[in-house]
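Beneath this line is the structure, given in structure tokens, with notes to follow.
Worth knowing before you read on, the calculation uses all heavy atoms, side chains too, and leaves out hydrogens, waters and symmetry mates. By convention here, the first residue in the shown sequence is residue 1. Because the structure is predicted, anything quoted here is derived from the model rather than measured.
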Amino acid sequence: MTTTTTAPPAAVTAPPPAVVRLRGVTKEYAGGVRALDGIDLNVGEGELLGIVGPSGSGKSTLLHIVGTLDRPTAGTVEIAGHDVATLADRRLSALRARHIGFVFQAFHLVPGVGALENVAEGLLYSGLPRARRREMAADALVRVGLADRMKHRPHELSGGQKQRVAIARAVVGEPDLLLADEPTGALDSTSGEAVMDLLHDLNAQGTTIAVITHDTEIAERLPRQVRIRDGRIAADTALGKVAT
């Protein structure tokens, strides 16, 4: 009697958990101005993507919605598994503080205090003792290559170094998502390259990062590009959707 063996089915790799999940997200302002128009977007754990579009395209509004700084007019927003619509303002602030880190074009550093204290400020509402906050801030500064600049005040740092401090402050609490809004906009090309290299390094260490930019050259260096036009997603390389 001949027996045959059947090869086991190939394992199906599950997609990474969604850090961001938007469904049908619309945002309207007074006068019927529709900044976002039915946005569907998933950002998986560990992704590095660019959200790119010209001024007025809706990308800044999308940043505010994903960052829970604003609420949509319609649609569903889930961040790290939490439905934003179900959260009161206080719980929403706690969600933002725990799960989202922000980096802006302007560095927003506190003048007159050193890099270490600027980064530790990112943990001010964590409930951790001051010594632990400073320890974590020192670790974050090492991660961004500023181990030798911990006592330097903002006016003693270059633009690129200031942005590194801002990035360290954003990631010190190990958020689920880092939102970088035009992170190289105030920098010269050399410093901008260094900051983008740093974002790639942080992503390689597991940080989920969305870079919001108008610069197509920056976006094209990222593994995924989501292009926004007139409040809609015109292209998303993760879906094979190409702009026309």
Side-chain angles (χ1 to χ4, degrees), residues 15-45 47-89 92-93 95-96 99-106 108 170 175-186 196 199 203 208-244:
V19 176
V20 176
R21 185 176 181 273
L22 308 185
R23 288 293 178 270
V25 168
T26 296
K27 181 64 180 181
E28 291 186 357
Y29 294 104
V33 176
R34 182 167 288 196
L36 297 178
D37 187 6
I39 294 286
D40 292 334
L41 178 67
N42 277 9
V43 178
E45 187 177 280
E47 281 201 81
L48 172 59
L49 72 153
I51 297 175
V52 61
S55 177
S57 62
K59 67 182 187 301
S60 295
T61 302
L62 183 58
L63 164 71
H64 283 81
I65 294 292
V66 171
T68 73
L69 299 171
D70 199 359
R71 295 181 186 261
T73 306
T76 302
V77 178
E78 294 180 6
I79 305 297
H82 299 271
D83 185 344
V84 169
T86 66
L87 302 179
D89 287 346
L92 189 61
S93 295
L95 171 73
R96 188 184 309 122
H99 295 282
I100 306 172
F102 293 92
V103 176
F104 297 102
Q105 180 174 333
H108 298 304
D176 293 281
L177 175 67
L178 176 63
L179 294 174
D181 185 20
E182 302 284 3
T184 65
M196 291 307 299
L199 293 177
N203 175 251
T208 305
I209 303 175
V211 178
I212 295 83
T213 181
H214 70 279
D215 192 327
T216 56
E217 289 186 11
I218 287 176
E220 286 170 358
R221 292 179 53 193
L222 303 175
R224 178 184 177 190
Q225 299 100 48
V226 176
R227 298 184 182 275
I228 306 295
R229 182 189 300 157
D230 298 329
R232 299 179 179 180
I233 293 179
D236 184 346
T237 57
L239 303 177
K241 182 179 179 181
V242 180
T244 57

What's the verdict on side-chain contact (heavy atoms from CB on, under 4.5 Å) for L62 and L36, showing C-alpha distance, side-chain angles and the deciding distance?
CA-CA 7 Å; L62 183 58; L36 297 178; 4.2 Å; yes
Non-hydrogen side-chain atoms of P183 and L199 separated by less than 4.5 Å
yes
Pairing residues for [X] by the side-chain hydrogen bond (donor to acceptor under 3.5 Å, both in side chains) criterion, not counting sequence neighbours:
X: T68; result: R96
X: T213; result: E182
X: N42; result: R23
X: D176; result: H99

How would you list all residue pairs meeting side-chain hydrogen bond (donor to acceptor under 3.5 Å, both in side chains) that involve residues 52-62, not counting sequence neighbours?
none
Do you know which of L41, I212, I233 makes side-chain contact (heavy atoms from CB on, under 4.5 Å) with I228?
I233
Could you pull out all residues at least two apart from [X] that satisfy salt bridge (charged side-chain N to carboxylate O under 4.0 Å, His left out)?
X: R34; result: E28, D37
X: D70; result: K27
X: R224; result: E47, D236

Suppose the criterion is salt bridge (charged side-chain N to carboxylate O under 4.0 Å, His left out): which pairs have a residue in residues 210-220, not counting sequence neighbours?
E220-R227
Quick check: does any side chain N or O of T26 sit under 3.5 Å from a backbone N or O of T73, one acting as donor and the other as acceptor?
no
When you measure from the side chain of D83 to the backbone of E78, do you find a donor-acceptor pair of N or O atoms at a distance under 3.5 Å?
no
So which heavy atom on P175 is nearest to which on A170, and how close?
CG-O, 3.4 Å
Can you give me the closest heavy-atom contact between A219 and V52, atom names plus distance?
CB-CB, 3.9 Å
Determine whether more than 12 heavy atoms belonging to other residues, nucleotides or ligands lie under 6.0 Å from atom CZ of R232.
no
Tell me which pairs pass ring-ring contact (aromatic ring centres under 6.0 Å, His included) where either residue lies in residues 212-240, with sequence neighbours left out.
none
Please name all residues satisfying side chain to side chain contact (heavy atoms under 4.5 Å, CB included) with L177, sequence neighbours left out, ordered by chain then number.
V19, V20, V66, L179, T208
Contacts of F104 meeting ring-ring contact (aromatic ring centres under 6.0 Å, His included) (sequence neighbours excluded), chain-then-number -> F102, H108
